[in-house]
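First the structure, in the form of structure tokens, and then the observations on it.
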Amino acid sequence: QVRLVESGGGLVQAGGSLRLSCTAFGGTFNRYAMGWFRQAPGKEREFVAAISWGGTTTYYADFVKGRLTISRDNSKNTVYPQMNTLKPEDTAVYYCTAATSSGDLALSRGIDYWGQGTQVTVST
């Protein structure tokens, strides 16, 4: 069983930056692809970004391309999405996920574990 714990959310002004983090407890971290999803109020949960277990392959949703970089440190069991040029429409709860395939994460399937979520609020 893997437990995912997110941190780094908060309130930021439009145009600002945030670096979220997700640390995995239990299991073997470097066997899992890691990903992030988000859910805004009144909207469905959507894929944001994913990274393969070795960190060599990444996927990004179109709405974050050029603004978000996902990376991981397998020695710390942690994955980091660095979000820049934030927009009010980025306001959502961001969830960390783990799966056996980063490609599956990009297709929103095959997700083995979810974190509890961290709130990101972007003000105008």
Side-chain angles (χ1 to χ4, degrees):
Q1 188 75 11
V2 175
R3 184 167 65 96
L4 303 175
V5 180
E6 302 102 330
S7 62
L11 175 65
V12 63
Q13 286 190 329
S17 299
L18 274 179
R19 189 176 82 154
L20 305 181
S21 64
C22 171
T23 301
F25 298 90
T28 304
F29 181 73
N30 61 8
R31 290 184 179 179
Y32 288 96
M34 302 297 294
W36 287 83
F37 287 72
R38 71 184 189 184
Q39 187 167 20
K43 296 187 176 181
E44 292 188 353
R45 195 171 297 183
E46 60 184 354
F47 168 76
V48 176
I51 187 167
S52 61
W53 64 268
T56 56
T57 302
T58 55
Y59 296 90
Y60 296 97
D62 287 344
F63 55 78
V64 295
K65 281 182 179 177
R67 301 191 296 124
L68 186 148
T69 302
I70 189 169
S71 62
R72 65 189 292 162
D73 185 340
N74 286 347
S75 69
K76 297 181 179 179
N77 289 2
T78 301
V79 60
Y80 307 96
Q82 172 70 44
M83 302 190 296
N84 301 316
T85 319
L86 285 161
K87 306 175 182 180
E89 52 264 43
D90 292 320
T91 295
V93 177
Y94 284 73
Y95 296 91
C96 178
T97 59
T100 56
S101 164
S102 54
D104 280 347
L105 286 170
L107 295 173
S108 301
R109 68 185 186 191
I111 298 169
D112 294 313
Y113 301 101
W114 290 85
Q116 82 285 356
T118 186
Q119 176 71 46
V120 172
T121 303
V122 184
S123 64
T124 56

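All figures in this text were calculated on a predicted structure; none of them were measured in a lab.
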No-hydrogen, no-angle side-chain donor-acceptor test under 3.5 Å, Asn84 and Ser17: yes
Residues in side-chain contact (heavy atoms from CB on, under 4.5 Å) contact with Arg109, at least two apart in sequence or another chain: Asp104, Leu107
Qualifying disulfide (SG to SG under 2.5 Å) pairs, either residue in residues 27-93, two or more places apart: none
Side chain to side chain donor-acceptor pair (under 3.5 Å) involving Thr69 - partner list, sequence neighbours excluded: none
Residue list, side chain to side chain donor-acceptor pair (under 3.5 Å) with Asn74, at least two apart or on another chain: Arg72
Pairs flagged by disulfide (SG to SG under 2.5 Å) wherever residues 4-46 is involved - sequence neighbours left out: Cys22-Cys96
Minimum heavy-atom distance Phe37-Leu105, with the two atoms named: CZ-O, 3.4 Å
Could you pull out every donor-acceptor pair under 3.5 Å between side chains of residues 53-66 and any protein atom, sequence neighbours left out?
residue: Tyr60; atom: OH; partner: Ile70; partner atom: N; Å: 2.9
residue: Asp62; atom: OD1; partner: Lys65; partner atom: NZ; Å: 3.2

Contacts of Arg67 that satisfy salt bridge (charged side-chain N to carboxylate O under 4.0 Å, His left out) - sequence neighbours left out: Asp90
Thr78 and Thr23: side chain donor to acceptor below 3.5 Å: yes
Set of side-chain contact (heavy atoms from CB on, under 4.5 Å) partners for Ala98, sequence neighbours left out: Leu4, Tyr32, Met34, Tyr113
By ring pair (Phe, Tyr, Trp, His ring centres under 6.0 Å) - contacts of Tyr94 (at least two apart): none
Inter- and intrachain pairs under side chain to side chain donor-acceptor pair (under 3.5 Å), touching residues 1-15, at least two apart: Glu6-Gln116, Ser7-Ser21
Pairs involving residues 74-89, ordered by first then second residue, that meet salt bridge (charged side-chain N to carboxylate O under 4.0 Å, His left out) (sequence neighbours left out): none
Where at least one partner belongs to residues 41-53, residue pairs that pass salt bridge (charged side-chain N to carboxylate O under 4.0 Å, His left out), sequence neighbours excluded: Arg38-Glu46
